[in-house]
Amino acid sequence: GQNIDQPTEMTATEGAIVQINCTYQTSGFNGLFWYQQHAGEAPTFLSYNVLDGLEEKGRFSSFLSRSKGYSYLLLKELQMKDSASYLCAVRGAAGNKLTFGGGTRVLVKP
Amino acid sequence: EPEVTQTPSHQVTQMGQEVILRCVPISNHLYFYWYRQILGQKVEFLVSFYNNEISEKSEIFDDQFSVERPDGSNFTLKIRSTKLEDSAMYFCASIGGSTEAFFGQGTRLTVV
């Protein structure tokens, strides 16, 4: 089975940095995804990690440690529009389905 | 950028009625999925479809659910006899190579 944990909610100030952690225990591993989801909308793909290390994409970076079952999403230079839920999802070894964590709601304050 | 398209965007149906949710995945993708998200809850896997057959399904995907790819492009989810607890956002997703996993905009299903 799959177990994916992330904090429920985080608050940060506009212009600051926020790090959202995700830990997972899975029966197989074939990549970890981060998605952004605004209320009432679909998840939007942000990043994908399958090897250990940091992937940087503009203001967003994602890190993976497979040995620790750990990832984080780093959001820099926060903007008000970054207020959203951030979903961590793991693809297991079989079938390629994604299993999602509960999501972290990030509130950016002025 | 290619996208996954879902119709309708909203559907209201009476309890016990059948609904069909439609999706057009990205054309060169191989794996197709249905997920649902009850308001305020996590995104839950329903079913995956590969090579024109179900490759995996969750406990949620019971006998009232079925999927089809009738014409090589559309990918449908049918709920035969809807229940109040089926009210949710239903998302279709498709996966191509290792790094692409895109979701459609979703269908908001309301069962009354």
Side-chain angles (χ1 to χ4, degrees), chain A residues 1-9 20 22-24 26-51 53 55-57 60 62 64 66 71 84-105, chain B residues 1-7 9-10 21 23 25-26 29-51 53-61 67 87-110:
Chain A
Q2 320 268 52
N3 191 36
I4 300 163
D5 290 313
Q6 48 182 132
T8 306
E9 198 167 285
I20 306 167
C22 173
T23 57
Y24 62 90
T26 60
S27 54
F29 181 81
N30 194 22
L32 187 143
F33 294 75
W34 283 97
Y35 287 85
Q36 181 190 62
Q37 187 180 32
H38 285 100
E41 297 183 9
T44 303
F45 173 77
L46 290 178
S47 70
Y48 169 78
N49 295 70
V50 68
L51 300 176
E55 294 281 340
E56 296 187 81
K57 195 184 284 189
F60 294 0
S62 56
L64 175 67
R66 288 172 297 170
S71 173
S85 287
Y86 292 84
L87 315 181
C88 173
V90 174
R91 182 156 64 193
N96 280 320
K97 75 172 186 184
L98 302 184
T99 302
F100 283 83
T104 299
R105 190 162 54 242
Chain B
E1 182 176 283
E3 61 179 17
V4 177
T5 306
Q6 288 186 243
T7 54
S9 56
H10 295 86
L21 311 182
C23 170
I26 296 170
H29 283 188
L30 301 175
Y31 293 87
F32 312 116
Y33 306 83
W34 283 101
Y35 286 81
R36 79 171 185 190
Q37 188 175 31
I38 295 170
L39 185 63
Q41 298 187 23
K42 67 196 282 186
V43 176
E44 299 176 291
F45 168 74
L46 292 177
V47 65
S48 59
F49 195 83
Y50 172 71
N51 202 24
E53 61 183 26
I54 291 174
S55 53
E56 188 175 358
K57 58 184 180 180
S58 71
E59 292 176 353
I60 303 167
F61 195 88
V67 289
S87 295
M89 284 288 285
Y90 287 81
F91 294 110
C92 172
S94 70
I95 293 181
S98 303
T99 63
E100 302 170 340
F102 295 106
F103 283 73
Q105 290 306 301
T107 294
R108 182 182 302 280
L109 177 66
T110 303

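These numbers come from the heavy atoms of this one structure, side chains and all, not from hydrogens, waters or symmetry mates. Below, chains carry the letters A, B, ... as their sequence lines are ordered, and counting in each starts from 1.
Using a 4.5 Å cut-off between heavy atoms, Phe45(B) contacts chain A through its side chain alone, with no backbone atom that close. Looking at Leu98(A), both its backbone and its side chain come within 4.5 Å of chain B, counting heavy atoms on both sides.
Considering every non-hydrogen atom in both Ala42(A) and Gly104(B), the closest pair reads CB-O, 2.9 Å. Listed here is the closest heavy atom pair of Tyr35(A) and Ala101(B): OH-O, 2.6 Å. Lys97(A) and Tyr35(B) get closest at one heavy-atom pair: C-OH, 3.9 Å.
Heavy atoms from other residues, nucleotides or ligands lying under 6.0 Å from CD of Glu59(B) number 12 at most.
Scored by the side chain to side chain donor-acceptor pair (under 3.5 Å) test, Trp34(B) finds no partners at all (sequence neighbours excluded).
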* **side-chain contact (heavy atoms from CB on, under 4.5 Å) assessment of Phe103(B) paired with Glu41(A)** => CA-CA 10 Å; Phe103(B) 283 73; Glu41(A) 297 183 9; over 6 Å; no

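Contacts of residues 36-44 of chain B with chain A at a heavy-atom distance below 4.5 Å involve Gln37(B), Lys42(B), Val43(B), listed in sequence order.
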